[in-house]
Amino acid sequence: MQTLIEQWSGEAVVTRYDRETETWVFIAIHDTTLGPAMGGCRVWQYPTPADGLRDAMRLAEGMTHKWAAIGFDLGGGKSVLAVPRPLEGDARRGLLRRFGRLVASLCGAYQCGPDLGTTPDDMAVIGEETEYVHGYDRVHGQPVDPGPFTALGVFVGMRAALQQAFGSVEFAGRTVLVQGIGDVGVPLARQVAEAGATLVLSDTDHNRAERLATALGARTVPADQISTTPCDVYAPCAIGGILNATTIPLLGCRVVAGSANNQLAEPADADRMHRRGILYAPDYVINAGGATALPLLGRGHAAEEVLDRIRTFERTLTEIFSVAVANDESPYHAAQRRVDRVLTARRRA
Ligand code: PHE
């Protein structure tokens, strides 16, 4: 962990070992150039605590890019609660409340929200200890689920990608593979089905995929066949690192456009896909719908206004794709330069 921290480009890591549940808690604050750090809280089992720390760091960096890409005055941060086993009931509540107190002690330097392994209800528990939590509407006492907002961003981003790859935004006649039937995967699958695409679903919990497939008239593929399944659009909506030197040569898609954070195992994977003629929608741009919704809804903006803002991702991604095509490069690089411009301009100011 010492090496990880010494080599990280970020600003700070807050660490706590929660003895009661044997959970390592990490809050990674990557870059506060644009504002205080905000990002989701992930509850996950990792092989070692260092893997949890590494994930928190990479995810926090992704949030720095996400906020810059969508023009919010917030910085990159993320928290990981690396649990030794699934926690439920009082044990989970206790951990979340102690985490809430840790967040409270930072006085706003880090604000959290839901992510993989946490729900808006979990945010309500954290909210018993701190005001610096999103995904829960205190005034109306209701959870605010970012999933459908993220899904809308992915959907309009797919339109931009379809236009770029096939010359039409039409979903009819296209096959879309959704990996991960969760908070984003479910509403995304519905939208894609409604738009007339042929839908293929996959989840590590195969029954989950089967149930939704039956409801939507879709088919399923086992989780270990995702990379090889032929499709027009592959939408990773689960864990990260799924685009790597092993999977990319196998991919049977023309477009990768999904909601997972940190889809690339390493930056070189963007070039690997580019060389194979696969159009990649940069994750932190296309998946920024939830990040757009949480702070805006928290400040009292109307849902319709938020949805309109998320619909602009189609234009943003269209611009990123055009620059990439003009330079014969992966859209990853075009997006990265956009982010660098925003951060550099603010550092100079
Ligand atoms: N975890 C989601 C994301 O990474 C939603 C979220 C955004 C949660 C911002 C908290 C803060 O985009």
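For ligands, and for the atoms within them, numbers begin at 1 and follow the listed sequence.
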Is there a heavy atom in W67 that sits closer than 4.0 Å to ligand 1? yes
Using a strict cut-off of less than 4.0 Å between a Lys/Arg side-chain nitrogen and an Asp/Glu carboxylate oxygen, indicate whether D308 and R311 qualify as a salt bridge. yes
Would K66 count as a contact of ligand 1 if the rule is a heavy atom under 4.0 Å away? yes
Hydrophobic cluster identity match, L243 and I278, side-chain contacts under 4.5 Å: yes
Hey, is D340 close enough to R337 for a salt bridge, meaning N to O under 4.0 Å? no
What part of L59 sits under 4.0 Å from ligand 1 if we count only heavy atoms: the side chain, the backbone, both or neither? neither
Contact region, Y284 to ligand 1, non-hydrogen atoms below 4.0 Å, reads neither
Check this for me: does any side-chain nitrogen of one of D122 and R92 sit under 4.0 Å from a carboxylate oxygen of the other? yes
Run down the list P114, S79, C112, G40 and name the one with the heavy atom closest to atom 5 (C) of ligand 1. P114
Charged N to carboxylate O below 4.0 Å: is that the case for D232 and R254? no
Geometric N/O contact N261 with ligand 1, under 3.5 angstrom: yes
At under 4.0 Å between heavy atoms, what of Q111 touches ligand 1? The answer is neither
Is H134 near ligand 1, meaning one of its heavy atoms is under 4.0 Å from it? no
Does the separation of the ring centres of F155 and F171 fall below 6.0 angstrom? yes
Under a heavy-atom criterion of less than 4.0 Å, does M63 contact ligand 1? yes
Would you say ligand 1 has an N or O under 3.5 Å from any N or O of G290? no
